Amino acid sequence: MTNEILKTIEEMDRQTFREDLIGWFENEMRDLPWRKDQDPYKVWVSEIMLQQTRVDTVIPYFTRFLDKFPTIEALATADEDKVLKAWEGLGYYSRVRNLQSAVKEVHEKYNGKVPDQPEAISSLKGVGPYTAGAILSIAYGKPEPAVDGNVMRVLSRILLIWEDIAKTSSRKTFESAVRSLISHENPSYFNQALMELGALICTPTSPSCLLCPVREHCQAFNTGMQNELPVKSKKKKQRSVEMVAVVLRNDKNQLLIRKRPETGLLANLWEFPNTEVGLEFRSEKEQFEDYFKEKYQVEATLDDMVGRIEHVFSHLIWNIHVFTGQLKGPIQESSKLKLVTLEEIEQYAFPVSHQKILKEVVGKI
DNA sequence: CAAACGTGGGC
DNA sequence: TGCCCAAGTTT
């Protein structure tokens, strides 16, 4: 933290700032399902779900997830396929695999109680500096910073911090600022209020400064700079990937699906067999009949292309050329390769891209 | 430290 | 349409 920022903080009326902020939060906080109690497990689940994900999106997932896995014990002993199914459509699937792994550790090593020490909780898989601070403050009332994108935006404005919040290194500046601002009387509400303010008032574009409970403390508002902050560098464009996917059906109306590798993109989700291709081969079906013969020792004849799916990820774009086809002979099923009916397929977690494929072809087979 | 890692919504 | 965003973590 620079001397400039330190000076700004020291010149603030910090006690009034805390009271204004927390007082506003007590009146205006949204009624959210993870705010019904302070159960560390529920706080934990909500924080993982909320990573890079909107509140409105999370609400139904949170309710269903807690219904299916109400306790540490329930999640620790659940089948991963069921857990992934409960997460289907939420994205960033390593979040939930890390969560279950960490919950197992808590179940076995901490007798099912979420640790309340920074070092212990930070060592759990998927619990980074933000999530550790959120759980420690919200569930355990400890005065630890929980710096997310909201907090960086809000504090960049209040304290006139010109660091690029897209840089990994910037978080430390904001953590230091929170440590010197945080209410020791109510760290939970202080942290939540900062985030709530960012979500409801101090928004990325056109912040509602006239409704802001702490505008008198805000250096950006006082100097008319609220629209210049935060400084955030652009992310680069996605690269495109051409691929072919095939919905293969046998004479019993079963479809062939496979499990993705246990690391990397969409790890351990299920999908229709597919392969990356060059632009020039995307509609040459004979190539893919050969591919399936080699990869699965299965005889398949493909129909003409039935559709094309574009799916945009944060870092790449899949352009999927979809074929249907018939499976001619038997196939050796395994834990990663299955034949399933249209009814059974609902138990398997698919990425949204492959849900689109199923929807595209389901009327045509 | 930059890149990988999903998805749906807003403008 | 294309770009940005939304309560980040891991490698």
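Computed from a predicted model, the values in this text were never measured in an experiment. Within every chain, numbering begins at 1; the chains are lettered A, B, ... in the order of the sequence lines, protein sequences first and strands thereafter.
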First of Leu124(A) and Gly198(A) reached from the 5' end of DNA chain C, by closest nucleotide: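 Nearest nucleotide further toward 5': that of Gly198(A).
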First of Ile138(A) and Lys237(A) reached from the 5' end of DNA chain C, by closest nucleotide: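 Result: Lys237(A).
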Checking all strands, does [X] fall into the base, sugar-phosphate, or nothing category for heavy-atom contacts under 4.0 angstrom?
| X | value |
| --- | --- |
| Trp318(A) | nothing |
| Arg153(A) | sugar-phosphate |
| Thr131(A) | sugar-phosphate |
| Ser314(A) | base |

Worked verdict on Ser188(A) versus Gln192(A) for side-chain hydrogen bond (donor to acceptor under 3.5 Å, both in side chains): CA-CA 6 Å; Ser188(A) 167; Gln192(A) 291 187 74; 3.0 Å; yes
Reference residue Trp318(A); test side-chain contact (heavy atoms from CB on, under 4.5 Å); the match among Leu265(A), Asn274(A), Val312(A):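 The residue from Leu265(A), Asn274(A), Val312(A) that satisfies side-chain contact (heavy atoms from CB on, under 4.5 Å) with Trp318(A) turns out to be Leu265(A).
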salt_bridge(Arg179(A), Glu144(A)) N-O dist < 4.0 Å: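 Here Arg179(A) pairs with Glu144(A) in a salt bridge, since their nearest N and O are under 4.0 Å apart.
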Hphob cluster co-occupancy, Trp87(A) + Val352(A), side-chain heavy atoms under 4.5 angstrom: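 Different clusters.
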Separation of dT10(C) C1' from Gln52(A) CD (nearest whole Å):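 One finds 13 Å between C1' of dT10(C) and CD of Gln52(A), rounded.
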Counting side-chain heavy atoms from CB outward, which of [options] is closest to [X]?
| X | options | value |
| --- | --- | --- |
| Phe313(A) | dC5(B), dA3(B), dT7(B) | dT7(B) |
| Arg54(A) | dG8(C), dT7(B), dA6(C) | dA6(C) |
| Lys235(A) | dG8(C), dC5(C), dG6(B) | dC5(C) |

Inter-nucleotide [atom1] distance ([N], [M]), Å rounded:
| N | M | atom1 | value |
| --- | --- | --- | --- |
| dG8(B) | dT9(C) | P | 22 Å |
| dC5(B) | dA6(C) | P | 23 Å |
| dA3(B) | dC4(C) | P | 15 Å |

5' precedence on DNA chain B between Phe350(A) and Ser170(A) (nearest-nucleotide basis):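 It is Ser170(A) whose nearest nucleotide is closer to the 5' end.
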Residue whose nearest DNA chain B nucleotide is more 5′ - Lys236(A) or Gln51(A):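 Between the two, 5'-proximity favours Lys236(A).
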Donor-acceptor pair between Glu47(A) and Gln51(A) side chains, under 3.5 angstrom: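 No.
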Donor-acceptor pair under 3.5 Å, Thr53(A) side chain vs dG8(B) base: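 Answer is no: no donor-acceptor pair is held.
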Any N/O donor-acceptor pair, Tyr92(A) side-chain to dG6(B) base, under 3.5 Å: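 Present.
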